Amino acid sequence: MSSYYSVIHVLKKSNEGDVVNLRGWVYRLRWLGGKVFIVLRDHSGIIQCVVDKDEARRFGKEISELGIEASIIIGGTVRFDKRAPGGKEIKVTELRVVGVSNNFPIKGGEGIDYLLDNRHLWIRSRRLTSIFKVKHTMLKGLREYFSSNEWWEVTPPILTMSAVEGGATLFPVDFFGRKAYLSQSAQFYLETLIFSLEKVWSVTTSFRAERSRTRRHLYEYTHLEAEAAWMGMKEMMTVVEEMVKAGVKKILDERLDELETVKRDITKLEQVLSNRFDVITYDEAVELLREKGVKIEWGEDFGADEERVLTQQFDTPIFVTMFPRKIKSFYMKVSEDNPELVYGFDLLAPEGYGEIVGGSVREDKYDTLLNRIREEELNPKDYEWYLDLRKYGSVPHSGFGLGIERMLMWISGLDHIRDATPYPRFRDRLYP
RNA sequence: GCCGGGGUAGCUCAGCUGGUAGAGCGUCGGGCUGUUAACCCGAUGGUCGGGGGUUCAAGUCCCCUCCCCGGCGCCA
């Protein structure tokens, strides 16, 4: 045995009678008299391999070592057969068990708790594999969007001294005897970089120590953030819309098989590409909610129920803009027309998935920013370097953050964010 | 943090008003030359989450505690 083909190559390119070598893992195993059906799985797919009775006798030792998830190398000839899944199978003439697997703990029908305890093995499932392939392609689409529009990718720190926003809870870390924290956002560091690179973006891991108990929260998640000098809100919203569409388009171009294995309704995603994202102001959203019978006071933030009602009115993601300053962070720029509002925007995914992007114009005036910090009862000392940016060549600018797992959850139609990442950290789960 | 549900065989669960446990799946053994989560026959299986209490008797009732799930809040 010398060179190996992938399963997908054999399924798509091989002809009847071709001699091929494959390697992978045992996905299904069925004995039938002296005959053995092995469904082989590799990174690209699954294919049925058949060991006939006389061959099975010859491979006595190998056959006895076979088990679900054992790693194997197979040689044989391609046979077209309607009875085989995919229409093709391998008539096995060579078989070697590389790594045995006795009594694989996942057999089907297990509950969520058991499966999460065995995440390191569950991860091999076709469903999770498909989701991670979609994630890869989504990130590729987003990256390509930034690259082809002259944005610089940068690498901000994860270990930080203090919070970006006052409210969110941070994970403390011992930094050689000093107290440090795991970053919850790269925003402030990206802001420092726009003074040289102008348009910057990054993908980092962000951490939130709030004990959230929802299907949309992770303690540790992949955060895509962007920040650009000279950009106003409209412009930045256009960036968000184009970027999201670029990600969706890439997936529709390259990952249809995977979307099918996760049973995602493709038409829902196609609608996203063919329409402009609707934009409504906070005021309009409140009005709309009241028309739908939702009780909400002006000045209250939207909860899960409100977001659900709101997004169900639209087929595409929608922007909500111009929020009351009271419910948003101190760094958001206050409106010139109405000091009660800030130039902030959220992008809400449809079908009830809710917020996937939060962005804003940043306050660029030193005095105003300082007042806002005091207003929120934060310590200006902690924000000295951040305030410096408003002292030396300040520039109007804006930015946003996108939750990668949230976006993936929506695109893949997941009912829980835990499957949007290999090892979800949530609800105090740390093993494996 | 708050509200609700739940911890019984390796896994998924049943067990009414108290009388010391049961199914399916898995596992093991056997059968079957076309199975698609194969099927058929047989066997195997438990300190009922932990601690304390009431009682002749507790999986079942009471108290404490730990863990898990669903929802809300917080956010991406």
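Predicted model only: the values in this text are computed from it and were never measured. Residue numbering restarts at 1 for every chain, and letters A, B, ... go by the order of the sequence lines.
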**Asked** Using atom C1' of each nucleotide, how far apart are B/C39 and B/A76 to the nearest Å?
**Response** 50 Å

**Message:** Between A/Arg57 and A/Asp54 (salt bridge meaning N to carboxylate O under 4.0 Å), is one present in this structure?
**Reply:** no

**Asked** Expressed in angstrom and rounded to an integer, what is the separation of A/Arg211 atom CZ from B/C68 atom P?
**Response** 10 Å

**Request:** Give the rounded distance in Å between these two atoms: CZ of A/Phe37 and P of B/U35.
**Result:** 7 Å

**Message:** Between A/Arg418 and B/G70, is there a contact of a side-chain N or O with OP1 or OP2 at under 4.0 Å?
**Reply:** yes

**Prompt:** Base, sugar-phosphate, or nothing: which does A/Ser206 touch, judged by heavy atoms less than 4.0 Å apart?
**Reply:** nothing

**Message:** Using the C1' atom as the point on both nucleotides, what is the distance between B/A14 and B/U8, in whole Å?
**Reply:** 10 Å

**Asked** Is it true that the NZ or CZ of A/Lys333 lies under 6.0 Å from the centre of A/Tyr343's six-membered ring and within 45 degrees of the ring axis?
**Response** no

**Complete:** When A/Glu191, A/Arg362, A/Glu363 are each screened for side-chain hydrogen bond (donor to acceptor under 3.5 Å, both in side chains) with A/His397, the one that passes is A/Glu191

**Prompt:** Considering only the P atoms, how many Å lie between B/C63 and B/G5, rounded to the nearest integer?
**Reply:** 14 Å

**Prompt:** What nucleotide among B/C69, B/A76, B/U35 has an atom nearest to a side-chain atom of A/Arg30?
**Reply:** B/U35

**Message:** Rounding to an integer number of Å, can you tell me how far A/Asp117 CG sits from B/G10 C1'?
**Reply:** 14 Å

**Request:** From the options B/C75, B/C72, B/G34, select the nucleotide whose nearest atom is closest to the side chain of A/Ala304.
**Result:** B/C72

**Asked** Say you pick atom P in B/U47 and the same atom in B/G10; how far apart are they, in whole Å?
**Response** 6 Å

**Message:** Can you measure A/Arg208 atom CZ to B/G1 atom P for me and round it to whole angstrom units?
**Reply:** 20 Å

**Prompt:** A/Tyr114 side chain: which of B/C11, B/C75, B/G70 is closest?
**Reply:** B/C11

**Prompt:** How far does the C1' atom of B/U17 sit from the matching atom of B/U12, given to the nearest Å?
**Reply:** 28 Å

**Asked** Is NZ or CZ of A/Lys245 both nearer than 6.0 Å to the six-membered ring centre of A/Phe277 and within 45° of the ring axis?
**Response** yes

**Asked** Looking at B/G70, does its base get a donor-acceptor pair with the side chain of A/Arg216 below 3.5 Å?
**Response** no

**Item:** Residue-phosphate contact under 4.0 Å: A/Arg429 side-chain N/O, B/C69 OP1/OP2
**Value:** yes

**C1' gap between B/G15 and B/C48, integer Å** = 11 Å

**Prompt:** With distance as the sole criterion, do the side chain of A/Lys107 and the base of B/G26 form a donor-acceptor contact below 3.5 Å?
**Reply:** no

**Message:** Roughly how many Å apart are B/G4 and B/G46, using the P atom of each and rounding to a whole number?
**Reply:** 36 Å

**Item:** Electrostatic pair A/Asp81-A/Arg83, nearest N-O below 4.0 angstrom
**Value:** yes

**Request:** Under the side chain to side chain contact (heavy atoms under 4.5 Å, CB included) rule, what do A/Asn118 and A/Leu121 come out as? Steps first, then yes or no, please.
**Result:** CA-CA 6 Å; A/Asn118 289 283; A/Leu121 303 174; 4.1 Å; yes

**Message:** Strictly by Watson-Crick or wobble contacts shorter than 3.5 Å, is anything paired with B/A23, and which nucleotide is it?
**Reply:** B/U12

**Prompt:** Which nucleotide, B/A76, B/C69, B/U33, lies nearest any side-chain atom of A/Lys53?
**Reply:** B/U33

**Asked** Is there a Watson-Crick or G-U wobble partner for B/C2 with both distances under 3.5 Å, and which nucleotide is it?
**Response** B/G71

**Message:** Is it the case that B/C75 (base atoms only) and A/Ser212 (side chain only) share a donor and an acceptor within less than 3.5 Å, ignoring hydrogens and angles?
**Reply:** no

**Item:** Full working for ring-ring contact (aromatic ring centres under 6.0 Å, His included) between A/Tyr189 and A/Trp385
**Value:** CA-CA 10 Å; A/Tyr189 293 100; A/Trp385 61 267; 5.0 Å; yes

**Message:** Work out how far the P atom of B/G51 is from that of B/A58, and round it to whole angstrom.
**Reply:** 14 Å

**Spacing of A/Tyr331 atom OH relative to B/C75 atom C1', expressed in whole Å** = 11 Å

**Request:** Using a cut-off of strictly less than 4.0 Å, decide whether A/Arg427 has a side-chain nitrogen or oxygen near OP1 or OP2 of B/G70.
**Result:** yes

**Request:** Report the residue (A/Glu220 or A/Leu32) whose heavy-atom-nearest nucleotide on RNA chain B is the more 5′ of the two.
**Result:** A/Leu32

**Request:** Name the closest nucleotide to the A/Glu110 side chain, picking from B/C11, B/G73, B/C75.
**Result:** B/C11

**Message:** Measuring from the side chain of A/Arg83 (C-beta onward, heavy atoms only), which nucleotide among B/C72, B/C69, B/G34 has the closest atom?
**Reply:** B/G34

**Prompt:** So which nucleotide from B/A76, B/G34, B/G73 ends up closest to the side chain of A/Arg213?
**Reply:** B/G73

